[in-house]
Structures are given as C-alpha cells and as structure tokens.
Amino acid sequence: MKIENHLKEIIQQAFQALYQESIDAPKLDATRPDFEGDYTLVVFPYLKQSKKNPEQTAGDVGAWLKENSEFVADYNVVKGFLNLVISDAYWTSFVKENLMDMDAHLHPNSGQGEKVMVEYSSPNTNKPLHLGHVRNNLLGYSVSKILEFNGYEVIKANLINDRGIHICKSMLAWMRFGNGETPDSSGIKGDHLVGKYYVAFDKAYKEEVNALVAEGKTKEEAEKNAPILLEAQDMLRQWEAKDPETIQVWETMNGWVYAGFEETYTRMGVAFDQYYYESKTYLLGKDIVNEGLSKNVLYQKEDGSVWIDLSAEKLDQKLLLRSDGTSVYMTQDLGTADLKYEEHKMPRSIYVVGNEQDYHFKVLFSILNKLSRPYAEGLYHLSYGMVDLPSGKMKSREGTVVDADDLMNEMHQTAEEITRELGKIEGLSEEELFQLFEKVGMGALKYFLLKVDPGKRILFDPRESIDFQGNTGPFLQYTYARINSLQTNAPRWSFTQYDGSLEAQEKALIRLLHDVPQIIVQAGISYSPAIIANYSYDLVKAYNRFYHDLPILKEENQAKKELRLQLSKATAETLAACFEMLGIPKVEKM
RNA sequence: GCACCCAUAGCUCAGCUGGAUAGAGCAACUGCCUUCUAAGCAGUAGGUCAUAGGUUCGAAUCCUAUUGGGUGUACCA
C-alpha cells in the first residue's frame with residue numbers, strides 16, 4: 001500500500017523532472033509473473049507528455065526512478081511496459097514493520113466505526129431451510145464479518161416472515177391431519193415437522209382442485225375455490241383478528257420452527273444481533289403512503305388504490321395500497337425501512353436477498369429516495385444468484401430441494417470417509433474426531449458456496465460430492481494445520497530482523513501478505529466474500545510452494561530460519577482472518 | 001410484449017476501475033513421501049473469451065445488434 005503511493009508520487013515527479021509535464025497519479029499493475037519486476041507502469045497514456053516513443057519513455061522514467069527512488073532497485077522495459085523491481089530491503093523492512101504484529105494490517109479501518117445493518121436469512125416459518133437459504137446465510141454472515149474487519153459497526157438483522165397465508169396452510173393441515181403430533185412425540189425436528197404439514201396441505205389442496213375440475217369447474221375456478229384454501233384464508237383473517245385459538249396454534253408451531261432454525265443456524269455458524277418479525281411490522285408503512293400522497297410522490301386511483309408511477313425509470317407502475325386499504329409487501333418494507341433507521345440511525349443498510357427480487361428493491365429504493373429519506377442513499381441490495389440443480393430450479397413442492405440439514409450431514413459424513421482413508425488421525429479422541437469431520441465438512445461446503453461471485457448463480461449437482469482437494473475449503477484448512485504443526489515442532493525462536501536477499505518463493509509470499517489490506521477493503525466495497533476466498537487460495541498456493549521448496553526448521557542460517565518461521569506465522573494469522581471473514585472453522589491438526 | 005442478469009478449457013470457477021503470450025481447480029496423462037503433515041508440490045495436454053460490428057495505441061473487460069440461458073413484470077408474499 002505504502003510502496004504504491006510512493007511509486008505513484010515519484011513517477012509524477014519523474015514526469016515533471018524529465019518532461020516538465022504534470023500527470024495524474026498513474027495506475028500501477030502487478031507485474032505478470034513471467035516478467036521480472038514487482039510493479040508495472042504502462043506508459044502508453046503518457047506519450048503525449050513525453051513526446052517520445054513508448055520504449056524511450058519507459059526507459060527514461062525507469063532510469064530516473066532507479067536513480068531517485070530508494071526502493072526501485074532495477075527496471076526493465078518491454079514494449080510500452082515499464083517493469084519496476086522493488087528492492088529486497090523494502091520487502092524485508094515491510095516484514096519487520098507489519099508482519100510482527102498483524103492486527104492493524106488485517107483491520108483496515110475503511111469503515112471508521114460507521115454503523116451498517118446487514119439483513120440476511122429472513123426465512124419463512126413454514127418449511128425448513130434448503131441450500132438456497134444456506135447460500136444466503138453464509139453470504140450475509142460473511143459480508144458482516146468482512147465489514148467488521150473494515151472497521152464498521154455491523155448490526156446483523158433477521159427479518160422473519162412469520163405470518164401470512166403460507167403459515168396458515170401448515171397450521172390448518174396440522175390441525176386437520178396432525179393428531180396432536182409434536183417434535184417431541186415424533187422425534188422430528190420442529191422446522192421439518194411444520195414443513196411436513198405444509199406439504200400435506202398442498203397435497204390435500206391439489207386433490208380438492210382435481211375433484212372440483214372433475215365436477216366440471218374450470219381449473220382457475222377450482223384453484224380459487226378449493227375449500228381447504230378458503231379455510232386457510234379464513235384462518236388468516238382469524239389470525240389478524242387475534243382469535244386466541246388461532247394465535248395459540250400459530251405460536252406453538254412457530255416455536256417449533258424457531259427451535260429447529262436455531263439448531264441449523266448454530267451448526268452453520270451464523271448469528272444475529274436483532275430479529276424483526278413480520279407479524280409485528282406488517283401493518284407499518286401505511287402512514288408513509290399517506291405522506292407520499294401529500295407530497296405527490298404517489299397517486300390515488302378512483303377505486304381508492306394507491307400507486308407510484310416509475311415509468312420514467314422504466315419501472316412501470318407499482319401498487320402500494322389495495323382499493324380496500326390493505327397493504328402489500330412493498331408497503332411493509334417501506335415501514336420496516338423507517339423502523340430500522342429510527343432504531344439504529346445507520347447510514348448504510350444492506351439487504352441480502354436473491355436476484356429474483358431485483359425489481360422489488362429497485363422500486364423500494366426509488367420510492368424511499370423520492371420521499372427523501374436520509375438513509376436512502378445508503379441502501380444496497382446485495383443480490384445473489386440462485387442455487388440451481390442440474391434439473392433446474394429447486395422446488396419445495398416437487399421435492400427437489402436440497403435440505404440444509406441433510407446436506408450438512410452428508411458433508412460431515414464425506415469428511416469422515418476421506419479423513420479415515422488418509423489416516424493421520426492417531427491420538428485423537430472420538431469427540432475430537434467428530435469435531436474434525438464437522439469442521440472439514442463445513443469448510444468444504446462454505447468455501448464451495450462463497451468462492452463464487454455472489455451475483456452469479458451456482459450449479460449444485462448432488463451426484464457429484466463437493467470436492468475436498470484443490471481449490472477447496474479443506475485445502476485452506478490443511479495449510480493452516482500444516483503451519484500449526486510447524487510451529488509446535490519449532491524450538492523457541494524469535495524474529496527480529498532479516499537484511500539478506502530473498503528467494504522467489506519468499507518474495508511471492510511476502511507480496512501476498514503485503515496486499516491483504518487492499519483485498520479486505522475491496523471485498524468490503526464490493527460486498528464479496530469471493531474476493532476473500534480467492535485471495536485465500538492464492539495465499540495458500542504460494543505458501544505450499546514456499547513450504548515445499550525451502551527448508552524452514554532445517555534451515556541452517558538462523559536469520560533465514562527465523563524469517564521463514566515469521567512468514568509462516570504471518571500466513572497462519574492472515575489465513576485465520578480469512579477464515580473468520582468466511583465463517584470457515586480453523587483446524588489445528590488434520 | 002417490456003425490464004433486468006448471465007455467456008471464459010470437457011466440468012466448476014478466477015481474471016480489480018480496458019493493458020503484455022487469457023489463469024486456477026476437477027477430470028485425463030507423467031514425475032515427487034528414509035527429509036518440517038502427499039487434503040501437498042512439479043509437469044503434459046486442453047481456449048477463434050457465444051456471434052457480428054464499433055470505440056481505442058490496446059478489448060474477455062466499454063458501446064450497439066444478434067443468438068442462447070435465467071429471472072422479474074399480479075389489488076401474491
């Protein structure tokens with residue numbers, strides 16, 4: 001970071017000295033590995049200033065920098081590319097100044113304590129979590145951690161969709177077919193039990209629809225008038241009227257679901273600072289609609305329904321209040337946005353929600369903008385792609401979902417098989433082994449989902465198990481364990497300083513460690529765990545090469561040995577930080 | 001119909017605000033454990049970056065069109 005600023009400044013000075021021209025701070029690239037050098041300046045954009053050809057310009061500037069910068073040890077010119085070789089002295093002094101105590105290095109304070117809310121997970125309480133939810137949870141949690149490393153104060157929020165017609169469907173089916181079944185009586189995890197009745201409802205509903213069609217009704221009529229559906233709708237009205245019996249079933253069944261979710265969340269390693277419940281927020285937002293009407297941001301049709309016209313932004317017209325005065329999803333999201341801000345006054349707020357709701361959030365943010373909410377500028381929809389199966393989209397009703405709990409069990413099991421096959425587990429107790437399989441399994445799953453750019457969809461093929469070799473979570477964990485073992489085997493040592501020359505493998509490693517702060521900042525700016533994941537992989541690759549090619553404990557030169565131990569330690573600490581940001585468990589021995 | 005997103009090796013993905021001969025992993029084939037953990041390291045093979053134009057000294061990256069895939073567009077949530 002510092003060296004880049006130095007180079008940018010001194011390059012500007014070079015143009016001043018050589019050509020009496022001032023240029024903007026130049027862009028520097030990392031030199032490609034097949035050329036000699038650390039940083040590369042592309043001189044094409046500056047030929048107007050130099051009035052010379054590319055080779056001459058690069059040569060002039062290179063020579064001047066070598067002469068006038070204490071850090072530029074050498075340079076070479078390939079066509080219009082000026083490759084700068086930074087002195088080993090810079091890198092070794094960087095090790096001394098930044099890698100001994102890495103705390104500041106790993107916590108770039110780009111957020112400066114600013115508050116930010118990350119809303120994620122936001123499940124429905126009528127069925128268990130599936131792989132799509134897993135992606136959401138891991139993304140939301142990871143982004144929260146990344147922002148914390150960037151110095152933000154993060155509020156992790158979960159807005160639970162705990163009411164509505166879909167909840168009533170499970171309730172009704174349970175009342176009708178359940179015979180008082182509970183998680184305790186059946187041994188079924190609460191969220192799965194409720195999900196079972198959601199499916200049961202759908203089955204009964206379809207049967208009724210078919211029966212009505214057989215009686216001669218059209219499909220549309222049948223779908224609207226199936227008795228069980230009418231009953232569910234009636235139940236929703238009773239719920240809204242706070243009918244005690246309905247409320248009691250609702251509370252009981254939601255309680256089962258929460259207990260089940262809590263188990264799954266704990267196992268996934270995600271957590272929340274605050275829960276919002278739609279049962280408490282679903283009536284919010286109507287006063288905002290009135291405010292919008294008085295400000296002429298919204299308009300009312302003759303039937304009384306309220307709309308916003310966003311056709312100027314190519315977003316068409318959107319309903320905000322039905323003609324009977326009841327609200328829609330958008331209305332309550334307006335209200336919840338205000339509520340969150342009143343409570344926390346955070347300048348920035350992130351919604352981790354799938355890309356099928358891109359349009360919804362565009363409209364939501366646009367409305368809040370037009371209503372000049374002070375927080376409107378800081379709203380961001382972290383839109384992520386669906387997790388698809390080879391057969392297409394996951395459909396809970398068609399039974400093609402990959403269940404979160406099942407998947408985690410499978411990951412654990414696969415980790416166990418592979419670990420036992422590899423051996424190396426002597427001396428571990430059964431409990432320790434269980435923990436190891438769990439950590440490795442979760443590491444594989446999390447890395448698999450987080451290494452992909454959030455915006456892109458993920459294809460998950462259940463027939464091909466998630467890898468444990470190559471570009472995977474376990475490879476990262478393995479490298480960490482390797483360093484850990486190295487440190488346990490190392491006799492007492494302490495690094496003070498190293499002034500000698502550096503091997504290519506050492507320099508490659510130092511360079512990666514050097515660049516961590518930019519990586520963390522970049523991941524924060526783009527809300528992308530994938531940047532951390534990919535960096536971790538690069539780091540681990542460089543470390544394994546270093547470890548393979550160079551002796552560490554067996555190095556006879558004491559200063560070199562200590563440098564290598566220090567680099568190993570710094571790599572482990574950096575990896576630990578990456579693990580924390582990705583929510584991947586550390587493994588001390590594997 | 002309209003809007004938005006995506007298209008890179010057989011498969012799964014990198015490629016930062018345009019920069020040098022487009023990189024990994026998996027799968028295939030070769031080597032490397034009497035040496036600090038082989039879940040590792042090294043190598044071979046594999047690509048007209050969907051297609052066609054354009055902008056530029058320079059395009060996988062920016063613009064336009066086309067093709068192919070996905071999503072959204074309800075007085076549903």
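Note on naming: letters A, B, ... go to the chains in the order of the sequence lines (proteins, then strands), and numbering restarts at 1 for each one.
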Counting side-chain heavy atoms from CB outward, which of B/rG19, B/rU71, B/rA77 is closest to A/Pro45? B/rG19

What form does the base of B/rC41 take, syn (within 90° of 0) or anti? anti

Answer yes or no: is there an ion pair linking A/Lys507 with A/Asp38, defined by an N-O contact shorter than 4.0 Å? yes

Return yes if some donor-acceptor pair links the side-chain N/O of A/Asp309 with the main-chain N/O of A/Ser311 below 3.5 Å, else return no. yes

When you check the phosphate oxygens OP1 and OP2 of B/rA39, does a side-chain N or O of A/Lys424 lie under 4.0 Å from one of them? yes

Grab the OH-C1' distance between A/Tyr329 and B/rG72 for me, whole Å please. 14 Å

So, A/Asp388 and A/Lys393, do they make that salt bridge, N to O below 4.0 Å? no

Using the P atom as the point on both nucleotides, what is the distance between B/rG10 and B/rC49, in whole Å? 13 Å

Using atom C1' of each nucleotide, how far apart are B/rA52 and B/rU21 to the nearest Å? 26 Å

Salt-bridge criterion met for A/Asp316 and A/Lys318 (N-O under 4.0 Å): no

Looking only at side-chain atoms of A/Pro474, point me to the closest of B/rA39, B/rC36, B/rG72. B/rA39

Whether A/Asn225 side chain and A/Glu221 backbone form a donor-acceptor pair below 3.5 Å: yes

Can you tell me which stems RNA chain B forms when a stem means 3 or more consecutive Watson-Crick or G-U pairs under 3.5 Å? B:1-5 with B:69-73, B:10-13 with B:23-26, B:28-32 with B:40-44, B:50-54 with B:62-66

Any N/O pairs under 3.5 Å between the protein and nucleotides 61-65 of chain B? List them or say none.
none

What interatomic distance, in whole Å, is found between P of B/rU34 and the corresponding atom of B/rC26? 23 Å

Please pick, from B/rC13, B/rU37, B/rC4, the nucleotide with the shortest atom-to-atom distance to any side-chain atom of A/Asp358. B/rC4

Over how many whole Å does the gap from A/Glu426 atom CD to B/rU37 atom P extend? 12 Å

When you check the phosphate oxygens OP1 and OP2 of B/rC13, does a side-chain N or O of A/Arg457 lie under 4.0 Å from one of them? no

For A/Leu486 and B/rC36, give me the distance from atom CG to atom P, rounded to whole Å. 11 Å

Please identify each residue that fulfils side-chain contact (heavy atoms from CB on, under 4.5 Å) with A/Pro26, with sequence neighbours left out. A/Lys8, A/Ile11, A/Gln12, A/Leu41, A/Tyr46

Could you list all N or O pairs between the protein and nucleotides 20-25 of chain B that sit under 3.5 Å apart?
| unit_1 | atom_1 | unit_2 | atom_2 | d |
| --- | --- | --- | --- | --- |
| B/rA20 | OP2 | A/Arg32 | NH1 | 3.4 |
| B/rA20 | N6 | A/Thr40 | OG1 | 2.9 |
| B/rA20 | N6 | A/Asn83 | OD1 | 2.8 |
| B/rA20 | N1 | A/Asn83 | OD1 | 3.3 |
| B/rA20 | N1 | A/Asn83 | ND2 | 3.3 |
| B/rG23 | OP1 | A/Arg32 | NH2 | 2.7 |
| B/rA24 | O2' | A/Tyr537 | OH | 2.9 |
| B/rG25 | OP1 | A/Lys541 | NZ | 3.1 |
| B/rG25 | O2' | A/Asn471 | N | 3.2 |

For A/Glu464, check salt bridge (Lys or Arg N to Asp or Glu O under 4.0 Å) against everything at least two apart and list the hits. none

Return no unless some side-chain N or O of A/Asn534 is found under 4.0 Å from OP1 or OP2 of B/rC16. no

Partners passing salt bridge (Lys or Arg N to Asp or Glu O under 4.0 Å) against A/Glu55 (at least two apart in sequence or in another chain): none

A/Ile466 CD1 to B/rC13 P, in whole Å, measures 12 Å

State whether A/Arg545 places a side-chain N or O below 4.0 Å from either non-bridging phosphate oxygen (OP1 or OP2) of B/rA42. yes

Closest to side chain of A/Lys27, choosing from B/rU35, B/rU17, B/rU37: B/rU17

Closest-nucleotide mapping onto RNA chain B: is A/Ala415 or A/Ser327 further toward the 5' terminus? I mean the 5' end. A/Ala415

For A/Phe35, the ring pair (Phe, Tyr, Trp, His ring centres under 6.0 Å) test, sequence neighbours excluded, returns none

Only pairs at least two apart or in different chains count here, so list each salt bridge (charged side-chain N to carboxylate O under 4.0 Å, His left out) that has a residue in residues 539-548 of chain A. A/Arg545-A/Asp549

Would you please confirm or rule out a distance under 4.0 Å between OP1 or OP2 of B/rA14 and any side-chain N or O of A/Lys456? yes

With P as the reference atom in both, quote the distance from B/rA74 to B/rG58 in angstrom, rounded to an integer. 46 Å

Who are the salt bridge (Lys or Arg N to Asp or Glu O under 4.0 Å) partners of A/Arg322, not counting sequence neighbours? none

Are A/Phe546 and A/Tyr543 an aromatic pair by the rule of ring centers under 6.0 Å? yes

In whole angstrom, give the distance that lies between atom NZ of A/Lys48 and atom C1' of B/rU56. 11 Å

When the C1' atoms of B/rU37 and B/rU44 are considered, how many whole Å apart are they? 28 Å

Using a 6.0 Å distance limit plus a 45 degree cone around the ring axis, check whether A/Arg135 lies over the aromatic ring of A/Tyr384. no

Taking atom C1' in both B/rG47 and B/rU12, compute the distance separating them and give it to the nearest angstrom. 16 Å

Counting only heavy atoms and a strict 4.0 angstrom limit, can you tell me which residues of residues 382-389 of chain A come near RNA chain B? none

Counting C-beta onward and ignoring hydrogens, is there a side-chain heavy-atom pair between A/Leu449 and A/Leu131 closer than 4.5 Å? yes

State which residues pass salt bridge (Lys or Arg N to Asp or Glu O under 4.0 Å) with A/Glu432; sequence neighbours excluded, sorted by chain then number. none

P gap between B/rC2 and B/rC62, integer Å: 24 Å

Want to settle it: does A/Ile458 or A/Lys362 sit nearer the 5' end of RNA chain B, counting the closest nucleotide to each? A/Lys362

Which of B/rG19, B/rU71, B/rU37 is nearest the side chain of A/Tyr478? It is B/rU37

Interatomic distance, A/Ile167 CD1 vs B/rC76 P [rounded to whole Å]: 18 Å

Acceptor/donor pairs from residues 353-364 of chain A side chains to any protein atom, 3.5 angstrom cut, sequence neighbours excluded:
| unit_1 | atom_1 | unit_2 | atom_2 | d |
| --- | --- | --- | --- | --- |
| A/Asp358 | OD1 | A/Ser383 | OG | 2.8 |
| A/Tyr359 | OH | A/Leu315 | O | 2.7 |
| A/His360 | NE2 | A/Asp333 | OD2 | 2.8 |

Rounding to a whole Å, what distance do you find between A/Met590:CE and B/rA38:C1'? 12 Å

How far does the C1' atom of B/rC41 sit from the matching atom of B/rU35, given to the nearest Å? 14 Å

Give the ring-plane orientation class for A/His412 versus A/Phe434, where under 30° counts as parallel, over 60° as perpendicular and anything between as tilted. tilted

Which of these nucleotides, B/rA77, B/rA39, B/rG72, is closest to any side-chain atom of A/Lys393? B/rG72

Round to a whole Å and report the spacing from CG of A/Leu364 to C1' of B/rG72. 16 Å

